[in-house]
Each structure stands twice: as C-alpha cells, then as structure tokens.
Trainee: 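This is the structure, below, for whatever I ask next.
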Amino acid sequence: MKTINPATGQYINDLQEDTRETLAEKFALIQAAQASWSANSLTYRVAILVKFMQLLDEKVTYLSTILSEETGKPLQQAQNEIRGAISRIKWLTEHAEEYFSDEVMSNSGGVQEVISYDPLGIICNISAWNYPYLVGVNVFVPALIAGNGVMYKPSEFATNTGIAISDLLLSAGVPPDVFQLAVGGSTVGQSLLEMEFDGYYFTGSYKTGQYIYEKVAPKLVPCQLELGGKDPVYITEDIVDIEKVAADTAEGAFYNNGQSCCSVERIYVHEKVYEQYVAAFTQQVNNWKLDLPTEPDVFFGPLTRKDQVSFLEKQLTDALNKGAKLVSEKKELPDSGYYFSPAVLTHVNHEMEVMKEESFGPIIGIMKVSSDKEAIELMQDTPYGLTASVYTAKEAHAKSILREIKTGTAYWNCCDRVVGALPWSGRNHSGIGVTLSHQGLRAFTHPRAWHLKK
Ligand code: NAD
C-alpha cells in the first residue's frame, strides 16, 4: 500500500497490507494474551494508559509531523488534535476506577446485589482519517482499560499515524499481543467483518457504517457506529456581537478544512442580522491563509483525499447552477496537491446538494430565515442527527429550539466541540452507540449481575 502526501501529491512510503492469513495470526495472538491483560488490576491498566498519554505529550512535535504529512492537516492543527486527545485520555483514565469498579446496589436480608463490568473480549476498531488521534482514543483507550484486546484498523489515509500510535502504546507497557494493527483499506476492513470479534466499533461514513451494521448483525455482538453529519447552526435575531459569532461559526465550519464529523455544515441566519453576519463570516474566511500545511499561520491545507476535490467541485457547481452566489474570494492554490478554495455560498436552498448531503470539506451554505419556525423546519430536514447549534442571548430560547432537533449533541452559543466528560453519539444516520463519558467507558464492557447470598 502506497501512502501519498496530499499537500504535494508525492509518495511517502510503502506499507505492507494485511491479508486474511496475517489477520488470523494477529487475532490468535490477541486471543492468547487478552485473559492475562484483563487479569491485571484496573489500576495497573490505567497506569499504562496514563503513560501512553505522557508519551503523546513528550512526542507531540514528532507525531504531528507524521499526521500532517499524510493527512495534509496544518502542523498547528495536528498538534492541537494530539493535545485534544491527551485531554480526553486524562478524563477517561481519571474516571475509569469510578465507572469500572464493582457497584454494590443493595446489601440487605443476607443478599448482596452487585454489578461488575466485564471486558467484552477482543474488539475490532475500524477507524477514520480526519481526526485519527481523537476518534481512535475514543475507542481503544476505554477498550484497553476495560481489559479487552484490540484489533485497530486505522484508515488507509492515516496508517503511519496508526503505526505511531501502536508503537507508543507498546512503549507505554501495553503487551504487544494485546493491541494489534490491521493495515489496509476497505478489503482489509471487509476481512475483519468476516472474523469473530466480540464487538465492532466503527468511525466513518454512513454508507460504510450501514454496510458494517448489516454484516455484523448476525453475530449478535455490540456494534457501535460513529458516522457523518449535516450539522446545522441557527443564528437568531438577538445576538449582539455578530463579528464574534461569525468568527466562531466560521471556525466551526472550516477548521480542519471542514473535514470534521461535527463541523458546521449548514447555517441559517435570521433576516435581521443576516447581511452583517454574512459580511463578517466571509471576511473571516477571506483572511485565513491557504498554503502548504508546513507553512506558518496556515489555516487551510489540502484536503486529505484526492477524490474529495471533485466531490466538492460538484456540490459547488450544483449550487451555482441552481442560483447560489459565491461570496468568498477564490484563493490562490499551490501547483500540486489536493486543494480546494473555501467556498461561502448565499442564496442557497434545500434543492441544492450542499444543503442536504454531507460535504466534509470547506464549503458552506448560509440561508436567510424569517422565524424560529422556519429555522427549525430547515434544521430538521436531514436524515442525520449528530449536533445542532443555536446562537442567541437567551438559554431558554436556545434549549426550546434544540429540543426539537434530534441530535446527540446540542450547543448553545458554541459549535464543533467534543469533550471527554460528555457522551458522543449520533442519532438516525449519524450512528448508534456512545463513546466518551461514563457511558462510553462502559460501552466496552458487559455488565454482570451478581446475586450473592451468604
Ligand atoms: P469511510 O467510511 O470511507 O472509511 C472508514 C473506515 O472504514 C476506513 O478505515 C476504511 O478503510 C474502512 N472501510 C471502508 N469500506 C469498508 C468495508 N466495506 N468494510 C469494512 N471497512 C471498510 O469513512 P472516512 O472517509 O474514513 O471518514 C469520513 C466519514 O467519517 C465522514 O462521513 C465523517 O463524518 C465520519 N466521521 C464520523 C465521526 C463521528 O464521531 N461521528 C468522526 C470522524 C469521522
């Protein structure tokens, strides 16, 4: 498997893809090692993941270079991602004892009733490239702390990062057999679906997620899917600092080149503040620098996947053909690599693909609305349900709107934000199951009910 630098289109390295045979060998190694891993004390396993976190911190500069080279992420954003992963691991490791320890539910009449949290066994994690540290950590950290063995398939667009993660876990003290890498693309992913894991944890597109869910269903094992979104933001008429709100939401839409599952994908603005908002938003986007990800102060690097450039061009053309207006400046693009000039569109409507399909790139439609009712109807017009956001001076106003929208996450006066303490989940086409928070820790366990009679 060849890896390519999306900033230049140049070759990085060759990696040996796994075959069915090598995957089976790796599976057997995990199987032989998992029981002794889970027999260690919880404190011991937590300490190893804390060590992993410390190593990430020590090596952040080196790791961000690898991440930036294969995904095109600007170096500063690559470092931010690793630091974000560290803060999630901190929450997970600090709370593992609290949520994995046995719970005595009652103790009377000579009977003790207890819940214990047993590891599932060997779990399979098929992952995405857009935030390999963040989405990876959501799964393999709690899985390992819970005592599971892990087969981790990084995306074919972030495999060098997957290798770096694996090396660091092993250096931290995770036994080599307990954590195994599956190297390759969809064919290797497909082979993993044919194996008998005790749980499947997937991050990626709706299309692949739906396919995986169907394949895994007959196995009757847990299957969690963290999928895409078409996340809306509504700017109500009572916001005061429009410049700040515009800058905040522009960052929510375009950070990481819009390649975030929870990036802002649609914006509805009340007509009273619309003109000012569009002007401030566009100004912000025009000010950001597009260049090689290694250049200082760069905000937009290349897209990670080559085919995403033509996908976004298609969405842009479709919108323009149907009456949208491009209000942002065209940026000068480097000669080679997978670049797309960020596009801010007005005069958009829901006949346009850009307002309906996940873009997963630096393109956004801003639509004028005249009432909360209209905004709510438009926000609801999607099969996805990852996040939604409302900017307004009043908390109660935001909550009353957000309760109408079926999403796993609701934001008041913020967007594009994920933390370790809160559950990360999608509804409808955005997925099934939960990572992060106490629920995301326990997602890698089977609860066992103990009835203990003296
Ligand atoms: P993708 O679905 O193309 O690939 C994801 C993973 O699945 C990769 O590792 C890939 O090799 C593997 N895969 C592909 N086909 C497979 C098959 N038939 N069987 C088994 N495995 C297969 O997605 P992507 O391009 O890597 O990621 C982008 C998508 O991920 C976007 O839709 C984004 O919104 C979503 N995402 C969601 C979250 C979240 O937390 N909800 C986080 C990050 C990304």
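Since we're looking at a predicted model, the values are computed, not measured. Just the heavy atoms: all of them, side chains too, but no hydrogens, waters or symmetry mates, feed the values below.
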Trainee: Are a donor atom and an acceptor atom from the side chains of Thr236 and Lys272 found within less than 3.5 Å of each other?
Mentor: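 Their side chains do not contain a donor-acceptor pair, so the 3.5 Å distance test is not met.
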
Trainee: Does Lys368 use its side chain to pair, donor to acceptor, with the backbone of Tyr274 at less than 3.5 Å?
Mentor: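 Not confirmed, Lys368 side chain does not pair with Tyr274 backbone.
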
Trainee: Any side-chain donor paired with an acceptor under 3.5 Å for Ser359 and Gln315?
Mentor: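 Yes, Gln315 and Ser359 have a side-chain donor paired with an acceptor closer than 3.5 Å.
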
Trainee: Is a salt bridge present between Glu265 and Lys230, judged by a nitrogen-to-oxygen distance below 4.0 Å?
Mentor: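 Lys230 and Glu265: salt-bridged.
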
Trainee: Is there a donor-acceptor pair under 3.5 Å between the side chain of Glu374 and the backbone N or O of Ser370?
Mentor: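 Indeed, once roles are kept as given, a pair shorter than 3.5 Å links the two residues.
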
Trainee: Determine whether the side chains of Thr435 and Gln224 contain a donor N or O and an acceptor N or O closer than 3.5 Å.
Mentor: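 Side-chain D/A pair, Thr435 to Gln224: absent.
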
Trainee: Could you state the interatomic distance from CE (Met105) to CD (Glu113), rounded to the nearest 0.5 Å?
Mentor: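 That separation rounds to 9.0 Å.
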
Trainee: Would you check, one step at a time, whether the test side chain to side chain contact (heavy atoms under 4.5 Å, CB included) holds for Asn160 with Glu69?
Mentor: CA-CA 9 Å; Asn160 286 307; Glu69 187 181 34; 6.0 Å; no

Trainee: Students often mix this up, so state it plainly: with edges at 30° and 60°, are the rings of Phe281 and Tyr277 parallel, tilted or perpendicular?
Mentor: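 Geometry flag for Tyr277 against Phe281: tilted rings.
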
Trainee: Measure across Phe254 and Ala343 and return the closest heavy-atom pair with its distance rounded to 0.1 Å.
Mentor: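 Of all heavy-atom pairs spanning Phe254 and Ala343, the closest is CZ-O, 3.9 Å.
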
Trainee: Less than 4.5 Å apart, any side-chain heavy atom of Tyr211 and any of Leu193?
Mentor: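 Tyr211 reaches Leu193 side chain to side chain.
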
Trainee: List the atom of Leu290, the atom of Lys331, and the distance in Å for their closest heavy-atom pair.
Mentor: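 For Leu290 versus Lys331, the nearest heavy atoms are CB-CD, 3.7 Å.
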
Trainee: To the closest 0.5 Å, what do you measure between NE2 (His438) and CG (Leu422)?
Mentor: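 Taking NE2 in His438 and CG in Leu422, the distance rounds to 10.5 Å.
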
Trainee: Around Lys322, counting heavy atoms of other residues, nucleotides and ligands shown, do more than 12 lie under 6.0 Å from its NZ?
Mentor: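 Result for NZ/Lys322: enclosed.
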
Trainee: Let me see the working for Tyr339 and Leu292 under side chain to side chain contact (heavy atoms under 4.5 Å, CB included), right down to the final yes or no.
Mentor: CA-CA 10 Å; Tyr339 293 90; Leu292 292 168; 3.4 Å; yes

Trainee: Where do Met379 and Ile401 come nearest, in terms of heavy atoms and distance?
Mentor: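 Taking every non-hydrogen atom into account, SD-CG2, 4.5 Å.
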
Trainee: Can you check whether Thr407's main-chain N or O pairs, donor with acceptor, with Tyr384's side chain at less than 3.5 Å?
Mentor: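 No.
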
Trainee: Does some side-chain heavy atom of Leu49 sit less than 4.5 Å from a side-chain heavy atom of Leu169?
Mentor: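 Yes, close enough: below the 4.5 Å cut-off.
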
Trainee: Counting heavy atoms not belonging to Lys356, are there more than 12 under 6.0 Å from its NZ?
Mentor: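 Atom NZ in Lys356 is packed in, count exceeds 12.
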
Trainee: Roughly how far apart are Asp231 CG and Thr409 OG1, rounded to 0.5 Å?
Mentor: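 One finds 8.5 Å between CG of Asp231 and OG1 of Thr409.
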
Trainee: Could you tell me whether the side chains of Tyr201 and Glu226 share a donor-acceptor contact shorter than 3.5 Å?
Mentor: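 Looking only at side-chain atoms, Glu226 and Tyr201 do not form any donor-acceptor pair under 3.5 Å.
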
Trainee: Are the side chains of Val418 and Arg88 in touch, meaning some heavy atoms are under 4.5 Å apart?
Mentor: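 Val418 vs Arg88: side chains touch.
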
Trainee: Residues two or more places apart in sequence or in another chain: which of them pass side chain to side chain donor-acceptor pair (under 3.5 Å) with Asp372?
Mentor: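 With neighbours one apart ignored, the set is Tyr234, His397.
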
Trainee: Under the criterion side-chain contact (heavy atoms from CB on, under 4.5 Å), which of Val135, Thr161, Thr159 is the partner of Pro154?
Mentor: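 Result for side-chain contact (heavy atoms from CB on, under 4.5 Å) with Pro154: Thr159.
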
Trainee: Restricting to non-hydrogen atoms, name the atom on Ser425 and the atom on Gly433 that form the minimum distance, rounded to 0.1 Å.
Mentor: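 In this case the closest contact between Ser425 and Gly433 is CB-O, 3.3 Å.
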
Trainee: Output the distance between atom OG1 (Thr71) and atom CG (Asn5), rounded to the nearest 0.5 Å.
Mentor: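 Output value for this atom pair is 9.0 Å.
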
Trainee: Is the side chain of Lys399 donor-acceptor paired with the backbone N or O of Lys394 at a distance under 3.5 Å, no angle test?
Mentor: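 Looks like no, no N/O pair under 3.5 Å.
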
Trainee: Would the number of heavy atoms belonging to other residues, nucleotides or ligands and lying under 6.0 Å from CD of Glu332 be above 12?
Mentor: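 Not buried by this count: 12 neighbours or fewer within 6.0 Å.
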
Trainee: When you measure from the side chain of Glu358 to the backbone N and O of Gly229, does any donor-acceptor pair fall under 3.5 Å?
Mentor: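 Yes.
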
Trainee: Taking all non-hydrogen atoms of both residues, which atom of Ser260 and which atom of Asn130 are closest, and how far apart?
Mentor: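 What the structure gives for the nearest pair is CA-ND2, 3.7 Å.
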
Trainee: Verify the neighbour count for atom CD of Glu243: are there more than 12 heavy atoms of other residues, nucleotides or ligands below 6.0 Å?
Mentor: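 Count not over threshold, so no.
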
Trainee: Please test Glu404 against Gln380 for side chain to side chain contact (heavy atoms under 4.5 Å, CB included), starting from the C-alpha separation and ending with a verdict.
Mentor: CA-CA 8 Å; Glu404 301 279 324; Gln380 284 171 328; 4.0 Å; yes

Trainee: Against Tyr213, only a single residue in Leu225, Leu227, Thr208 fulfils side-chain contact (heavy atoms from CB on, under 4.5 Å); can you say which?
Mentor: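 Only one option passes, and that is Leu225.
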
Trainee: If you count the non-hydrogen atoms of other residues, nucleotides and ligands that lie under 6.0 Å from CD in Glu94, is the total more than 12?
Mentor: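 Counting other residues, nucleotides and ligands, CD of Glu94 exceeds 12 neighbours.
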
Trainee: How are the rings of Tyr99 and Trp91 set to each other: parallel, tilted or perpendicular (split at 30° and 60°)?
Mentor: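 Judged by the thresholds at 30° and 60°, the geometry between Tyr99 and Trp91 is parallel.
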
Trainee: So do the side chains of Thr387 and Trp424 get within less than 4.5 Å of each other, counting heavy atoms only?
Mentor: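 Of all side-chain heavy-atom pairs linking Trp424 with Thr387, at least one is under 4.5 Å.
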
Trainee: Per the ring pair (Phe, Tyr, Trp, His ring centres under 6.0 Å) rule, which among Phe311, Phe340, Trp129 passes with Phe360?
Mentor: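 In the set Phe311, Phe340, Trp129, the residue that makes a ring pair (Phe, Tyr, Trp, His ring centres under 6.0 Å) with Phe360 is Trp129.
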
Trainee: Looking at every heavy atom in both His95 and Leu441, which two are closest together, and how far apart are they?
Mentor: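 The pair with the smallest heavy-atom distance is O-CD1, 4.0 Å.
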
Trainee: Determine, step by step, whether Glu70 and Lys73 satisfy the salt bridge (charged side-chain N to carboxylate O under 4.0 Å, His left out) criterion, reporting the C-alpha distance in whole Å, the side-chain angles of both residues, the deciding distance to 0.1 Å, and the verdict.
Mentor: CA-CA 8 Å; Glu70 68 182 342; Lys73 203 180 285 263; over 6 Å; no

Trainee: Using side-chain heavy atoms (C-beta onward) and a distance below 4.5 Å, is Leu345 in contact with Ile363?
Mentor: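 The answer is yes, as the side chains (C-beta and beyond) meet within the 4.5 Å cut-off.
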
Trainee: Start with the C-alpha distance between Ile405 and Ile376, add both sets of side-chain angles, then the distance that settles side chain to side chain contact (heavy atoms under 4.5 Å, CB included), and finish with yes or no.
Mentor: CA-CA 7 Å; Ile405 324 287; Ile376 291 168; 4.2 Å; yes

Trainee: Using only atom types and a distance under 3.5 Å, with no angle test, would you say the side chain of Gln77 pairs donor to acceptor with the backbone of Tyr255?
Mentor: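 Checking the backbone N and O of Tyr255 against the side chain of Gln77, no donor-acceptor pair under 3.5 Å is found.
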
Trainee: Could you check whether Asn125 and Ser127, counting side-chain N and O atoms only, form a donor-acceptor pair closer than 3.5 Å?
Mentor: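 No, no side-chain donor-acceptor pair sits under 3.5 Å.
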
Trainee: Is the Phe299 ring parallel, tilted or perpendicular to the Trp288 ring (thresholds 30°, 60°)?
Mentor: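 If you compare the ring of Phe299 with that of Trp288, the planes turn out parallel.
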
Trainee: Is there a side-chain contact between Ile89 and Leu56, using heavy atoms and a 4.5 Å cut-off?
Mentor: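 Of all side-chain heavy-atom pairs linking Leu56 with Ile89, at least one is under 4.5 Å.
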
Trainee: State, without any angle test, whether Glu377 and Tyr268 hold a side-chain donor-acceptor pair at a distance under 3.5 Å.
Mentor: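 Side chains of Glu377 and Tyr268: no pair found under 3.5 Å.
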
Trainee: Using modelled atom types only, decide if a donor and an acceptor are shared between the side chain of Lys219 and the backbone of Glu196 within a distance under 3.5 Å.
Mentor: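 Side chain of Lys219 to backbone of Glu196: no pair is present.
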
Trainee: Just by modelled atom types, is the Val221 backbone N or O under 3.5 Å from a matching donor or acceptor in the Asp198 side chain?
Mentor: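 No, because the side chain of Asp198 does not come within donor-acceptor range (under 3.5 Å) of the backbone of Val221.
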
Trainee: Mind checking whether Tyr206 and His429 have parallel, tilted or perpendicular rings, split at 30° and 60°?
Mentor: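 Plane angle under 30°, so parallel.
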
Trainee: Does the side chain of Tyr338 reach to within under 4.5 Å of the side chain of Gln308, using non-hydrogen atoms?
Mentor: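 Heavy-atom side-chain distance check fails, nothing below 4.5 Å.
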
Trainee: Do the side chain of Ser430 and the main chain of Gly228 share a donor and acceptor less than 3.5 angstrom apart?
Mentor: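 Yes.
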
Trainee: Give a yes or no on whether the backbone of Ala398 and the side-chain of Thr392 come within a donor-acceptor separation of less than 3.5 Å.
Mentor: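 Judged by distance alone, no pair lies under 3.5 Å.
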
Trainee: Measuring from Ile242:CD1 to Thr249:OG1, what's the distance to the nearest 0.5 Å?
Mentor: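 Here the rounded value is 11.0 Å.
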
Trainee: Can you tell me how far the CD atom of Gln259 sits from the CG atom of Leu303, to the nearest 0.5 Å?
Mentor: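 Those atoms lie 5.0 Å apart.
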
Trainee: Does any non-hydrogen side-chain atom of Leu67 lie less than 4.5 Å from one of Pro132?
Mentor: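 In short, these two side chains touch, coming nearer than 4.5 Å.
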
